[in-house]
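Notes for the one structure printed next.
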2 protein chains.
Amino acid sequence: MMVPILAAIAEHTRLQALLLLADGSEHCVCELMQKLDATQSRMSRHMQVLRQAGLVVDRRDAQWVRYRLNPDMPPGVYAVLKTILAAERGERPEERKIA
Amino acid sequence: MMVPILAAIAEHTRLQALLLLADGSEHCVCELMQKLDATQSRMSRHMQVLRQAGLVVDRRDAQWVRYRLNPDMPPGVYAVLKTILAAERGERPEERKIA
DNA sequence: TCCCTTCATGCGCATCTGCGCATATGCAGG
DNA sequence: CCTGCATATGCGCAGATGCGCATGAAGGGA
């Protein structure tokens, strides 16, 4: 079940976009493409991938499309995303055994 | 930093192999290929990908090569792997906020 | 209605990925 | 040595992926 989700996250621009969206607020494509130095079509397509993976949701707001983390993300997926973003930021995880 | 690691995990056979290795013990390629219904070359190559990603280590033992989880995996990577495997197993994560 | 901004998408291309097939390599036993 | 088992790897191929370019579609304002 996790493979498509992981594949969606396993790309630099998409992971950076998720880091930006992890502040909990909405971000339009134009903001994301500026902050991540991506062309418009590239950014748009990456957001489609994240949307199809169920990681983000979008909302029309006048001529903008606002993206945010999917608030209905399954708990397991949410935990995975949180852990990945923390690791990407270089944060220290809490201790625990693997098995 | 996480993208190459996530890309390594984001493939069905490799994720299943990691689930088997997560019992903490060593497994030879012949065992993995049988349990995962994979051909020999396919299994061998997948294990190379996991090894190059730093997720597993291998050891020669007579004519076998024993694979196990990399005991020197960075804590952040270890936490990510643990969370992904738990999610793949359908386990419930502990609660926490994302940002 | 016309124009501008924002975003999505069809198309073609270069590259990457995963695979099977065949072959090479490493090791043990006779 | 020679044979057999376990594993790695060169090769070529089919499909997937990421990209730029151009265009379409949706909405706002004069």
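Chain letters run A, B, ... following the sequence lines, proteins first, then strands; residues in each count from 1.
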When rounded to whole Å, the CG to P distance for the pair B:D61 and D:dA6 reads 13 Å

Verify the neighbour count for atom CG of B:D61: are there more than 12 heavy atoms of other residues, nucleotides or ligands below 6.0 Å?
-> yes

Nearest-Å distance for atom pair CD/P, residues A:Q52 and D:dT17 = 11 Å

Roughly how many Å is it from CG in A:L32 to C1' in C:dT6, rounded to a whole number?
-> 13 Å

Mapping A:S41 and A:Q63 to their closest nucleotides on DNA chain D, which lands nearer the 5' end?
-> A:S41

Identify whether any heavy atom of B:R14 sits under 4.0 Å from a base atom; if not, whether one sits that close to sugar-phosphate; answer base, sugar-phosphate or nothing.
-> sugar-phosphate

Nearest-neighbour nucleotide for the A:R45 side chain, D:dA8, C:dG10, C:dG20 considered | C:dG10

Check the distance between D:dC19's P and A:M47's CE and give it to me in whole angstrom.
-> 14 Å

Separation of B:H27 atom NE2 from D:dT7 atom C1', in whole Å?
-> 17 Å

How bent is the helix from C:dT1-D:dA30 to C:dG30-D:dC1, comparing axes over its five end pairs at each side, to the nearest 10°?
-> 10°

May I ask you to check whether A:Q48 and A:R45 show a side-chain donor-acceptor distance below 3.5 Å?
-> no

A:V80 and A:I5: side chain to side chain contact (heavy atoms under 4.5 Å, CB included), yes or no, with the steps?
-> CA-CA 10 Å; A:V80 165; A:I5 292 161; 5.6 Å; no

Of the nucleotides D:dG18, D:dA8, D:dA6, which one has an atom closest to the side chain of B:V65?
-> D:dA8

Is the backbone N or O of B:Q16 less than 3.5 Å from a side-chain atom of B:R14, with the two atoms forming a donor-acceptor pair by type?
-> no

Starting from P on C:dG18, measure out to CG on B:L15 and report it in whole angstrom.
-> 13 Å

Separation of D:dT7 C1' from B:R51 CZ (nearest whole Å) = 12 Å

State whether the side chain of B:D58 and the backbone N or O of B:V65 hold a donor-acceptor pair below 3.5 Å, judged by distance alone.
-> no

From the options C:dG18, C:dC7, D:dC19, select the nucleotide whose nearest atom is closest to the side chain of A:W64.
-> C:dC7

Residue met sooner reading DNA chain D from 5', once B:Q48 and A:R60 are mapped to nucleotides = B:Q48

When you check the phosphate oxygens OP1 and OP2 of C:dT17, does a side-chain N or O of B:H46 lie under 4.0 Å from one of them?
-> no

Across the strands shown, which category fits B:R66 at heavy-atom distances under 4.0 angstrom: base, sugar-phosphate, nothing?
-> nothing

Which nucleotide in the set C:dC7, D:dG18, D:dT7 lies at the smallest distance from any side-chain heavy atom of B:C30?
-> D:dT7

For B:S44, which contact category applies under a 4.0 Å heavy-atom criterion: base, sugar-phosphate, or nothing?
-> base

Determine whether any donor atom in the side chain of A:Q40 lies under 3.5 Å from an acceptor atom in the base of C:dA8, or the reverse, and answer yes or no.
-> yes

Closest to side chain of B:T39, choosing from D:dC19, C:dC7, C:dG20 | C:dG20

Give a yes/no answer on whether the side chain of B:Y67 brings an N or O atom under 4.0 Å of OP1 or OP2 in D:dA6.
-> no

side-chain contact (heavy atoms from CB on, under 4.5 Å) partner of B:L50, the single match among B:N70, B:V57, B:V56, B:L69 | B:V56

Side chain A:H27, main chain A:L20, donor-acceptor under 3.5 Å | yes

Hey, are the side chains of A:L55 and A:M73 touching, using non-hydrogen atoms and a 4.5 Å cut-off?
-> yes

Nearest-angstrom distance from the residue atom CD of B:E11 to P of C:dC19 = 5 Å

